[in-house]
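These numbers come from a predicted model, not from an experiment. Naming: A, B, ... by sequence-line order, numbering from 1 per chain.
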Amino acid sequence: MAAKCINARGEELANNRVFRTPFRRSRCLIVADGFYEWDKTNPKKKVPIRFSLSDDSLFAFAGLADRWSGPAGEVVESCSVITTEPNALVQPTHNRMPVILHPADYDRWLDPQNQEVAALQPLLVPFPPEAMRAERVSDAINNAKNDVDPRLIVAVEPPRLRARSLFDDDDI
DNA sequence: CCAGACGTTGTT
DNA sequence: GTCTGG
DNA sequence: CCAGACGTTGTT
DNA sequence: GTCTGG
(Lines give C-alpha, C1' and ligand atoms only; values in the text may rest on other atoms or scores of the structure.)
Protein backbone atom coordinates (compact mmCIF):
# COMPACT_ATOMS: atom_id res chain seq x y z
CA MET A 1 0.00 0.00 0.00
CA ALA A 2 2.74 2.47 0.88
CA ALA A 3 4.24 2.31 -2.60
CA LYS A 4 0.87 2.92 -4.18
CA CYS A 5 -0.17 5.75 -1.88
CA ILE A 6 2.49 8.21 -2.92
CA ASN A 7 -0.18 10.81 -3.66
CA ALA A 8 -3.36 11.81 -1.84
CA ARG A 9 -6.12 13.85 -3.42
CA GLY A 10 -6.60 16.97 -1.32
CA GLU A 11 -10.27 17.24 -2.19
CA GLU A 12 -11.11 13.92 -0.54
CA LEU A 13 -8.87 13.87 2.50
CA ALA A 14 -11.46 14.50 5.17
CA ASN A 15 -13.46 11.43 4.15
CA ASN A 16 -10.78 9.20 2.70
CA ARG A 17 -10.34 6.04 4.74
CA VAL A 18 -6.59 5.83 4.28
CA PHE A 19 -5.69 9.48 4.70
CA ARG A 20 -8.31 10.85 7.08
CA THR A 21 -6.41 10.14 10.29
CA PRO A 22 -3.00 11.31 9.02
CA PHE A 23 -4.73 14.45 7.76
CA ARG A 24 -5.92 15.16 11.27
CA ARG A 25 -2.86 14.09 13.20
CA SER A 26 0.35 13.77 11.20
CA ARG A 27 0.69 16.40 8.54
CA CYS A 28 4.18 17.13 7.31
CA LEU A 29 6.21 19.20 4.87
CA ILE A 30 8.11 17.55 2.03
CA VAL A 31 10.95 19.78 0.90
CA ALA A 32 11.66 20.10 -2.82
CA ASP A 33 13.27 22.38 -5.38
CA GLY A 34 11.10 21.24 -8.26
CA PHE A 35 8.82 18.59 -9.69
CA TYR A 36 8.41 16.96 -13.11
CA GLU A 37 5.52 16.20 -15.40
CA TRP A 38 5.54 14.76 -18.92
CA ASP A 39 3.95 16.61 -21.79
CA LYS A 40 2.11 14.05 -23.92
CA THR A 41 0.76 16.37 -26.57
CA ASN A 42 2.60 14.19 -29.05
CA PRO A 43 1.86 10.62 -27.95
CA LYS A 44 5.02 9.44 -29.68
CA LYS A 45 7.28 11.76 -27.78
CA LYS A 46 6.90 12.37 -24.05
CA VAL A 47 8.59 15.65 -23.15
CA PRO A 48 9.69 16.06 -19.54
CA ILE A 49 8.98 19.46 -17.98
CA ARG A 50 10.50 20.71 -14.75
CA PHE A 51 8.40 23.02 -12.59
CA SER A 52 10.07 25.18 -9.97
CA LEU A 53 9.67 28.54 -8.24
CA SER A 54 10.65 31.64 -10.22
CA ASP A 55 13.17 32.68 -7.59
CA ASP A 56 14.64 29.16 -7.37
CA SER A 57 13.85 28.94 -3.68
CA LEU A 58 13.24 25.70 -1.89
CA PHE A 59 9.59 25.05 -1.14
CA ALA A 60 7.43 22.51 0.64
CA PHE A 61 4.75 20.15 -0.58
CA ALA A 62 1.86 19.55 1.79
CA GLY A 63 2.41 15.99 2.97
CA LEU A 64 0.98 13.33 5.22
CA ALA A 65 3.11 11.00 7.33
CA ASP A 66 1.91 7.66 8.60
CA ARG A 67 3.10 4.66 10.55
CA TRP A 68 1.27 1.37 10.27
CA SER A 69 1.67 -2.39 10.49
CA GLY A 70 2.57 -4.22 7.29
CA PRO A 71 1.48 -7.71 6.23
CA ALA A 72 4.24 -9.39 8.23
CA GLY A 73 3.58 -7.26 11.28
CA GLU A 74 6.52 -5.00 10.52
CA VAL A 75 6.23 -1.30 11.22
CA VAL A 76 6.07 0.72 8.00
CA GLU A 77 6.71 4.44 7.90
CA SER A 78 5.41 6.19 4.79
CA CYS A 79 4.48 9.61 3.51
CA SER A 80 2.31 10.99 0.72
CA VAL A 81 2.29 14.20 -1.31
CA ILE A 82 -1.11 15.89 -1.45
CA THR A 83 -2.32 16.85 -4.92
CA THR A 84 -4.79 19.40 -6.24
CA GLU A 85 -6.03 20.66 -9.58
CA PRO A 86 -3.36 22.23 -11.79
CA ASN A 87 -2.79 25.98 -12.05
CA ALA A 88 -2.58 27.71 -15.43
CA LEU A 89 1.13 26.90 -15.78
CA VAL A 90 0.81 23.18 -15.13
CA GLN A 91 -2.57 22.60 -16.73
CA PRO A 92 -1.27 22.19 -20.32
CA THR A 93 0.98 19.38 -19.14
CA HIS A 94 -0.95 17.54 -16.47
CA ASN A 95 -4.35 17.28 -14.83
CA ARG A 96 -2.99 17.37 -11.27
CA MET A 97 -0.22 19.14 -9.38
CA PRO A 98 1.27 18.83 -5.91
CA VAL A 99 0.07 21.25 -3.24
CA ILE A 100 2.82 23.78 -2.50
CA LEU A 101 2.39 25.56 0.82
CA HIS A 102 3.23 29.20 1.48
CA PRO A 103 5.81 29.60 4.26
CA ALA A 104 3.31 31.71 6.20
CA ASP A 105 1.10 28.62 6.45
CA TYR A 106 3.75 26.15 7.63
CA ASP A 107 3.01 26.56 11.33
CA ARG A 108 -0.71 26.15 10.89
CA TRP A 109 -0.20 23.08 8.72
CA LEU A 110 2.23 21.44 11.13
CA ASP A 111 0.42 22.18 14.39
CA PRO A 112 -0.83 18.77 15.59
CA GLN A 113 -3.37 20.53 17.78
CA ASN A 114 -5.01 21.97 14.71
CA GLN A 115 -7.51 19.32 13.66
CA GLU A 116 -10.05 21.62 12.10
CA VAL A 117 -10.63 20.36 8.62
CA ALA A 118 -12.30 23.64 7.73
CA ALA A 119 -9.12 25.53 8.59
CA LEU A 120 -6.79 23.13 6.77
CA GLN A 121 -8.69 22.37 3.60
CA PRO A 122 -8.34 25.94 2.22
CA LEU A 123 -4.55 25.51 2.18
CA LEU A 124 -4.79 22.69 -0.33
CA VAL A 125 -5.11 24.82 -3.45
CA PRO A 126 -2.98 25.41 -6.57
CA PHE A 127 0.09 27.61 -6.09
CA PRO A 128 0.06 30.97 -7.94
CA PRO A 129 1.39 30.27 -11.44
CA GLU A 130 2.97 33.74 -11.63
CA ALA A 131 5.51 32.62 -9.03
CA MET A 132 6.51 29.51 -10.95
CA ARG A 133 8.60 28.51 -13.95
CA ALA A 134 8.19 25.66 -16.42
CA GLU A 135 11.08 24.49 -18.58
CA ARG A 136 11.80 21.57 -20.83
CA VAL A 137 14.56 19.33 -19.49
CA SER A 138 16.69 16.54 -20.86
CA ASP A 139 15.34 13.03 -21.33
CA ALA A 140 18.04 12.08 -18.85
CA ILE A 141 15.42 12.71 -16.17
CA ASN A 142 13.53 9.69 -17.47
CA ASN A 143 16.05 7.21 -16.12
CA ALA A 144 16.19 6.74 -12.38
CA LYS A 145 19.88 5.88 -12.70
CA ASN A 146 20.54 9.54 -13.39
CA ASP A 147 20.16 10.51 -9.76
CA VAL A 148 22.24 13.67 -9.94
CA ASP A 149 22.10 17.35 -9.12
CA PRO A 150 19.03 18.56 -11.03
CA ARG A 151 21.01 21.58 -12.22
CA LEU A 152 22.88 19.19 -14.49
CA ILE A 153 19.65 18.22 -16.18
CA VAL A 154 17.71 21.46 -16.34
CA ALA A 155 17.80 23.30 -19.63
CA VAL A 156 19.87 20.61 -21.33
CA GLU A 157 18.58 19.62 -24.72
CA PRO A 158 17.91 15.93 -25.31
CA PRO A 159 18.98 13.36 -26.00
CA ARG A 160 22.27 13.58 -24.19
CA LEU A 161 23.37 15.06 -20.91
CA ARG A 162 26.27 17.38 -21.65
CA ALA A 163 27.69 17.07 -18.18
CA ARG A 164 31.23 18.05 -19.04
CA SER A 165 30.38 21.36 -20.65
CA LEU A 166 27.99 22.16 -17.84
CA PHE A 167 30.60 21.52 -15.20
CA ASP A 168 32.86 24.01 -16.95
CA ASP A 169 30.18 26.65 -17.26
CA ASP A 170 29.98 29.11 -14.37
CA ASP A 171 26.60 30.30 -15.54
CA ILE A 172 24.90 27.08 -14.50
C1' DC B 1 6.60 8.97 -13.77
C1' DC B 2 10.01 5.80 -16.87
C1' DA B 3 13.11 1.78 -17.71
C1' DG B 4 13.70 -2.74 -17.66
C1' DA B 5 12.43 -7.32 -16.96
C1' DC B 6 9.43 -10.87 -17.81
C1' DG B 7 10.01 -17.11 -19.93
C1' DT B 8 11.47 -21.79 -21.65
C1' DT B 9 14.27 -24.75 -24.18
C1' DG B 10 18.52 -26.26 -24.65
C1' DT B 11 23.28 -25.03 -24.72
C1' DT B 12 26.19 -20.63 -31.10
C1' DG C 1 0.76 -6.67 -21.43
C1' DT C 2 2.08 -6.08 -16.81
C1' DC C 3 4.87 -5.89 -12.92
C1' DT C 4 8.98 -4.17 -10.21
C1' DG C 5 12.63 -1.05 -9.04
C1' DG C 6 14.46 3.42 -8.96
C1' DC D 1 -18.79 -12.66 12.60
C1' DC D 2 -14.16 -12.62 9.65
C1' DA D 3 -11.42 -11.46 5.48
C1' DG D 4 -9.87 -8.33 2.66
C1' DA D 5 -9.36 -3.90 1.05
C1' DC D 6 -8.04 0.61 1.71
C1' DG D 7 -4.88 4.68 -3.49
C1' DT D 8 -3.39 7.77 -7.40
C1' DT D 9 -1.90 8.49 -11.86
C1' DG D 10 -2.48 7.59 -16.45
C1' DT D 11 -4.31 4.58 -20.05
C1' DT D 12 3.29 4.31 -24.34
C1' DG E 1 -7.84 2.11 11.95
C1' DT E 2 -12.13 1.35 9.56
C1' DC E 3 -15.15 0.11 6.01
C1' DT E 4 -17.31 -3.41 2.74
C1' DG E 5 -18.75 -7.81 1.24
C1' DG E 6 -20.01 -12.34 2.14
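- At the heavy-atom level, K145(A) lies under 4.0 Å from the strands shown only through sugar-phosphate atoms.
- Rounded to the nearest Å, the gap between the C1' atom of dC2(B) and that of dT9(D) is 13 Å.
- One interatomic measurement links the two molecules: CG of N15(A) to P of dC6(D), which rounds to 17 Å at whole-angstrom precision.
- Atom CD of E11(A) and atom P of dT9(D) are 8 Å apart (whole Å).
- Counting only residues at least two apart or on different chains, the ring-ring contact (aromatic ring centres under 6.0 Å, His included) pairs with a member in residues 127-149 of chain A are H102(A)-F127(A).
- Listed by first and then second residue, the salt bridge (charged side-chain N to carboxylate O under 4.0 Å, His left out) pairs involving residues 79-94 of chain A amount to none (not counting sequence neighbours).
- Partners of E11(A) by salt bridge (charged side-chain N to carboxylate O under 4.0 Å, His left out), not counting sequence neighbours, listed by chain and number: R96(A).
- For K40(A) and dT9(D), the NZ to P distance is 12 Å, given to the nearest whole Å.
- R17(A) pairs by the salt bridge (charged side-chain N to carboxylate O under 4.0 Å, His left out) definition with nothing, not counting sequence neighbours.
- Atom pair N143(A):CG and dA5(B):P shows a separation of 11 Å (rounding to whole Å applied).
- Screening residues 11-35 of chain A for ring-ring contact (aromatic ring centres under 6.0 Å, His included) gives F35(A)-F51(A) as the qualifying pairs, with residues at least two apart or on separate chains.
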Give the dot-bracket string for DNA chain B, reading 5' to 3', where a pair is Watson-Crick or G-U wobble with both distances under 3.5 Å, ( ) marks pairs inside the strand, [ ] marks pairs crossing earlier ones, | marks a partner on another strand, and . marks unpaired. ||||||......
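- Taking atom CG on N95(A) and atom C1' on dT11(D), their separation rounds to 12 Å, with Å as the unit.
- Here, dT4(E) and dT8(D) have their P atoms 16 Å apart, quoted to the whole Å.
- Going from atom CZ of R9(A) over to atom C1' of dC6(D) covers 16 Å, rounded to whole Å.
- Side-chain polar atoms of W109(A) and N114(A) form no donor-acceptor pair below 3.5 angstrom.
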Between the protein and nucleotides 1-6 of chain E, list the N/O to N/O atom pairs that are separated by less than 3.5 angstrom.
| unit_1 | atom_1 | unit_2 | atom_2 | d |
| --- | --- | --- | --- | --- |
| dT2(E) | O2 | R17(A) | NH1 | 3.4 |
| dC3(E) | O2 | R17(A) | NH1 | 2.8 |

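- Of the listed nucleotides (dT9(D), dG7(D), dT12(D)), dT12(D) has the atom at the smallest distance from the side chain of K46(A).
- Atom CZ of R96(A) and atom C1' of dT9(D) are 10 Å apart (whole Å).
- The residues R50(A) and D33(A) are annotated as salt-bridged, a charged nitrogen and a carboxylate oxygen being separated by less than 4.0 angstrom.
- For D56(A), the salt bridge (charged side-chain N to carboxylate O under 4.0 Å, His left out) partners are R133(A), not counting sequence neighbours.
- Looking at the side chain of W38(A), the nearest of the listed nucleotides dC2(B), dT8(D), dT9(D) is dC2(B).
- When the P atom is used for both dA3(B) and dT12(D), the distance is 15 Å, rounded to whole Å.
- With sequence neighbours left out, D105(A) forms a salt bridge (charged side-chain N to carboxylate O under 4.0 Å, His left out) with R108(A).
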